[in-house]
Amino acid sequence: MSEPAPSLASTFLSMHVPGSPLLMPNPWDVGSARLLASLGFRALATTSSGQAATLGRLDGRVSRDEAIASAAAIASALADEGVPVSADLEHGFADAPEGVAETARFAMEAGLAGFSIEDSTGVRDSPIYDFDLAVERVAAAASVVGSSCVLTARCERYLHGQRDLDEVIRRLQAFSSAGAHVLFAPGVVSADEIRTVIGSVDKPVSVLAMPGCPPVAELASLGVARVSVGGAFAYASLGALVDAAVELRDNGTYEYLAMSAPARDTARTAFRDR
């Protein structure tokens, strides 16, 4: 594995244009990544929950080695097409800043154009790192990557029921000062709150598409720079599998074949010459 050319990271960062958001879906393996790239998406990011599902696990149960290896395989598969790949690296697979810095080095060596680091701990009773440690962790990753990788800093408070927008903004501002290139507060979905966040920070803001989130056109009008889907596409795929399997088991019919045919044709186009 080789360190990504700075131009790939620069290209990726340049795609983050407030008001013209980068639509960045989240593949869960090489096949889904190639399929999404064939549909014209300019950049992709891995999904921790989607990858975990491929291993029969829940989100948060994937090791650092597994996450890096999966992201590296996707990045390598798309390298010739010039599609930047960012990785969901959860909380950096470490509590201490030094451990996060090591994860950042692995991400660069994996050929990634970017990666994200969360301020969530993975501990149910204490889900969010204290402010100072959260900032130190982002700074540690930033000190490693410089401009060679796009660092997205995530504030996870809303996903854990801590709906204090002022504190979210305080953290995003500190993450920006610590060297993050993109800011992300998944769970913040109301137009008013997104507008407030964007007006309070000086870096591109990413939004997670989830229930209650405005459509892309409205997000663009608010100044959003990136939209991702998390594990939603992976679970939509699993949902189609469940529907087909239940139909076969309970009805003994094959109506799922009508849905599978166009998907098979799209896959044949995406996977040709492989």
Side-chain angles (χ1 to χ4, degrees), residues 8 11-12 15-17 20-59 62 66-67 69-88 112-114 186 189 206-220 224-274:
L8 185 61
T11 297
F12 182 41
M15 294 176 179
H16 294 73
V17 179
S20 181
L22 169 67
L23 302 183
M24 189 178 71
N26 304 88
W28 51 96
D29 58 13
V30 169
S32 59
R34 283 184 169 148
L35 192 64
L36 290 167
S38 77
L39 294 174
F41 289 101
R42 298 183 296 148
L44 303 174
T46 65
T47 159
S48 62
S49 62
Q51 186 204 352
T54 69
L55 301 172
R57 304 177 198 165
L58 296 176
D59 197 11
V62 173
E66 288 171 329
S70 176
I74 292 172
S76 177
L78 299 180
D80 290 343
E81 300 173 43
V83 176
V85 173
S86 185
D88 177 353
L112 295 166
V189 295
S206 181
V207 167
L208 177 65
M210 57 188 301
C213 185
V216 170
E218 185 175 353
L219 292 177
V224 171
R226 186 173 87 192
V227 180
S228 60
V229 302
F233 281 13
Y235 280 96
S237 177
L238 289 175
L241 172 62
V242 169
D243 288 345
V246 169
E247 181 197 349
L248 180 63
R249 183 194 68 191
D250 294 351
N251 302 336
T253 56
Y254 318 112
E255 292 185 10
Y256 58 84
L257 292 174
M259 180 179 67
S260 69
R264 183 169 55 249
D265 291 342
T266 302
R268 283 173 174 164
T269 299
F271 302 159
R272 67 181 183 276
D273 301 327
R274 302 297 180 184

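Residues: numbered from 1 along the sequence shown. Since the structure is predicted, the reported quantities are computational estimates derived from the model, not experimental observations.
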Under 3.5 Å: donor-acceptor pair, side chain of R272, backbone of T269:
yes
Heavy-atom side-chain proximity of P27 to V85 below 4.5 angstrom:
no
Just verifying a value: how many Å separate Y256 OH and N251 CG, rounded to the nearest 0.5 Å?
11.0 Å
Any salt bridge (Lys or Arg N to Asp or Glu O under 4.0 Å) involving residues 237-246? Give me the pairs, sequence neighbours left out, ordered by first then second residue.
none
Sequence neighbours excluded, which residues qualify as side-chain hydrogen bond (donor to acceptor under 3.5 Å, both in side chains) partners of S32?
D29
State the CG-CZ distance between L44 and F12, to the nearest 0.5 angstrom.
9.0 Å
Partner residues of E247 under the side-chain hydrogen bond (donor to acceptor under 3.5 Å, both in side chains) criterion, sequence neighbours left out
T253
Would you say the side-chain atoms of S70 pair up with the backbone N or O of A67, donor to acceptor, closer than 3.5 Å?
no
Quick one: list whatever passes side-chain hydrogen bond (donor to acceptor under 3.5 Å, both in side chains) with S228, sequence neighbours left out.
none
Minimum side-chain heavy-atom gap L55-E66 below 4.5 Å
yes
Looking only at heavy atoms, which two atoms of L23 and P25 are closest? And how far apart?
O-CD, 3.4 Å
What closest approach, in Å, do H16 and L22 show between heavy atoms, and which atom pair accounts for it?
CE1-CD2, 4.1 Å
T266 side chain reached by L39 side chain, heavy atoms, under 4.5 Å:
yes
Closest approach of A209 to V227 (non-hydrogen atoms, all atoms of both residues):
CB-CG1, 4.2 Å
For the residue pair M24 and A43, what are the closest heavy atoms and their distance?
CG-O, 3.4 Å
Kindly write out the residues that satisfy side-chain hydrogen bond (donor to acceptor under 3.5 Å, both in side chains) with N26, not counting sequence neighbours, or none if the list is empty.
none
Quick one: pull up OG in S76 and CG in L112 and give me the separation to the nearest 0.5 Å.
11.0 Å
Under the salt bridge (charged side-chain N to carboxylate O under 4.0 Å, His left out) rule, collect the residues that match up with R249, sequence neighbours excluded.
none
For the student: nearest non-hydrogen atoms of V216 and P21, plus distance
CG1-CG, 4.2 Å
Could you please spell out the steps behind the side chain to side chain contact (heavy atoms under 4.5 Å, CB included) verdict for F233 and L36?
CA-CA 10 Å; F233 281 13; L36 290 167; 4.2 Å; yes
Residue pair P84 / M15, side-chain heavy-atom distance below 4.5 Å:
yes
Short side-chain donor-acceptor distance under 3.5 Å, D59 and S48
yes
L35 versus F271, closest heavy-atom pair with distance:
N-CE2, 4.3 Å
